[in-house]
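Below, chains carry the letters A, B, ... as their sequence lines are ordered, and counting in each starts from 1. Worth knowing before you read on, the calculation uses all heavy atoms, side chains too, and leaves out hydrogens, waters and symmetry mates. Because the structure is a prediction, the values reported are computed rather than measured.
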Protein chains: 2
Amino acid sequence: MSARQMCTFFGGDAAHPLGLASAMATQKRQSGKRSGKANPAEDEAVYQAILHALLEGKLKAGVKLAEPPLADIFGVSRERIRKVLHRLGAERRLEMIPNRGARVPRPTLDDVRRVYEAHRVLEAGVLTQLVRRVDDALIERLNAHLAEERAAATRGDRAASVRLSGAFHVHLVEALGNAELSRFLADLLSRSSVMVSVYEPATDSICAVDEHGAIVEALRARDVARAIAVSREHFLHVESRLHLDDDAAPVSEDLTAVFAAIKPKRRKR
Amino acid sequence: MSARQMCTFFGGDAAHPLGLASAMATQKRQSGKRSGKANPAEDEAVYQAILHALLEGKLKAGVKLAEPPLADIFGVSRERIRKVLHRLGAERRLEMIPNRGARVPRPTLDDVRRVYEAHRVLEAGVLTQLVRRVDDALIERLNAHLAEERAAATRGDRAASVRLSGAFHVHLVEALGNAELSRFLADLLSRSSVMVSVYEPATDSICAVDEHGAIVEALRARDVARAIAVSREHFLHVESRLHLDDDAAPVSEDLTAVFAAIKPKRRKR
DNA sequence: TTTTATGAAAATGTGCACATTTGGCATGGT
DNA sequence: ACCATGCCAAATGTGCACATTTTCATAAAA
């Protein structure tokens, strides 16, 4: 359950967009070859595909997303791509420059710090509200999640560790049941997921399980001050590990390779 | 200064969009009559005009925003309007229904409560972080703002009171200097500004100045618990005043009247 | 009278052609 | 060798025509 929630933000597996894309392709085939009208889910499929690639970190920071190649890769009209790109731009997931197209944003170190600080501040508020409505069921759920985290850590599954670490904080906000707050956190996480690939040291897990456990303990004890203090230390700890990696990596990924698994129908020359 | 900040969210005066629109119209005239190409700021002008109307509450909840009439009113092509509408939809400021156009969202009472709760939780986090970096200058600024609020209240200026009440909370987040947090609050306020016109009792000021003063006092004393408690009470107080006004007001505003001041160039039959 | 069917007008969605702008490359001048 | 200028291919932006869908009004049937 927790894994699926994270999937919404990070896109743990690539099965979902692929399924959508192929289903879409089938439907398109049956409507002739170039009727070109009325595909309500086609936008969504392309949107999800690009979004997943973005959140998975397959699209590196600074990469140019030109319309013609994408239209060719996905086998849709350029306007379709265009609309999706602008939508992603409006959601601040892509950087749109007038007359110069869309690029994957290249966050500065200050940007990353700002996102982490926002998350820290938000979680302080969440914890404040959460101690007012803790019950055994919530503690139970959080402990179950901690068990998952520990299991992943002990078996050395780094990918699962990172995913579950993020999911823990998602659990905390979701416990409040407020869609606005959940959306805001999702926004922050989606932004930091791109950042991780730039600034995060790949050598270590993002969040230490112990610190998560301490937060749960403080929650169980209804100790607001301690919960906030632990959470704050936790975030500062993570932030201190950020390092600048601007060693001029002009990763000129070609888009065909990134989206190869999604749409095996691109035929060039 | 504070008034101008709020203007970004609520749009206190309609002078700005008008200026943009008329300037745009002039530029368009000089390029012939229907060259129809290359107006980089035209999108922005239309966007700002609709956004301002939305935030000012001139566009009532549930109103349909059809493309043809808007294109006629603003004197631009339908595609232009279309793009702006979809952008506002991506920002969740308009409700987009496939094949059925754009409508001003009609928030439920639960929606309103959710927004207020989110603001409450966010402010708890902001205050927690803020007590760590209070200085005399901040207290000074907040007190100056309180003075403005009191002045508006004593002279019975309801519009200014409402505006300044919101601006107080903006001041609190802006004091942290975190753009992500400021954006989130702006998002919440822009949503509630639409809601106010539906659920808020028009008879009373939104925020009591005394409660704002109590928050500042707690901040000056570096008393986190008290600051949060006062803030919480403050919000609950406001929330308790919400009332359901679903008495079927099918306000079928025609768009021409709403945007009349913006573009006096619409010629129909 | 209420409900259902039907068709026309209006509104939304989309591909396409074309204008404009950008970026790179070659050429020529200092 | 270096910088400036101009040209050409590619990419972005936009209006337009047309397909599809919705909506509304009118008429027909229960």
So does B:Lys83 get a side-chain nitrogen or oxygen closer than 4.0 Å to the phosphate oxygens (OP1/OP2) of D:dT14?
yes
Begin with the C-alpha distance, continue with both residues' side-chain angles, and end with the deciding distance and a verdict on salt bridge (Lys or Arg N to Asp or Glu O under 4.0 Å) for B:Arg87 and B:Glu91.
CA-CA 6 Å; B:Arg87 175 176 166 194; B:Glu91 294 169 354; 3.4 Å; yes
For a quick check of understanding: with a heavy-atom distance under 4.0 Å over all strands, which category does A:Glu67 fall into, base, sugar-phosphate or nothing?
sugar-phosphate
Compute both the distance and the angle, then confirm whether A:Arg80 meets the cation-pi test with A:Phe74: under 6.0 Å from the six-membered ring centre, within 45 degrees of the axis.
no
Using 4.0 Å as the upper bound for N to carboxylate O, is an ion pair formed by A:Glu180 and B:Arg114?
no
Find the distance A:Arg103:CZ to D:dT12:P and express it as a whole number of Å.
11 Å
Is it true that a side-chain atom of A:His171 and a backbone atom of A:Ala167 form a donor plus acceptor pair closer than 3.5 Å?
yes
Mind calculating the distance between CG (A:Leu70) and C1' (D:dA10) to the nearest angstrom?
15 Å
Below 4.0 angstrom from OP1 or OP2 of C:dG15, is there any side-chain N or O of A:Arg78?
no
Can you tell me if A:His86 touches the phosphate of D:dT12, counting only side-chain N or O atoms and a distance under 4.0 Å to OP1 or OP2?
no
Taking CD from A:Glu79 and C1' from D:dC16, how many angstroms apart are they, rounded to a whole number?
12 Å
For the pair made of CG in A:Asp43 and C1' in C:dT12, what is the distance, rounded to whole Å?
13 Å
Locate the shortest heavy-atom distance separating B:Arg106 from B:Gly62; write the atom from each residue and the value.
NH2-CA, 3.7 Å
Atom CG of B:Leu85 to atom P of C:dA11: distance rounded to whole Å?
13 Å
Between A:Arg113 and A:Glu239, which heavy-atom pair has the shortest distance, and what is it?
O-OE1, 4.4 Å
Would you say D:dG15 has OP1 or OP2 under 4.0 Å from some side-chain N or O of B:Ser77?
yes
Quick one: do A:Val173 and A:Phe184 satisfy side-chain contact (heavy atoms from CB on, under 4.5 Å)? Show the steps, please.
CA-CA 10 Å; A:Val173 261; A:Phe184 183 45; over 6 Å; no
Counting only side-chain nitrogens and oxygens, does B:Arg80 get under 4.0 Å of the OP1 or OP2 atom of D:dG15?
yes
B:Lys64 vs D:dT23: side-chain N/O to OP1/OP2 distance below 4.0 Å:
no
Close approaches to DNA chain D from residues 88-101 of chain B, in residue order (heavy atom, under 4.0 Å)
B:Asn99, B:Arg100
Within the structure, does a side-chain N or O atom of B:Arg82 lie under 4.0 Å from either OP1 or OP2 of C:dG13?
yes
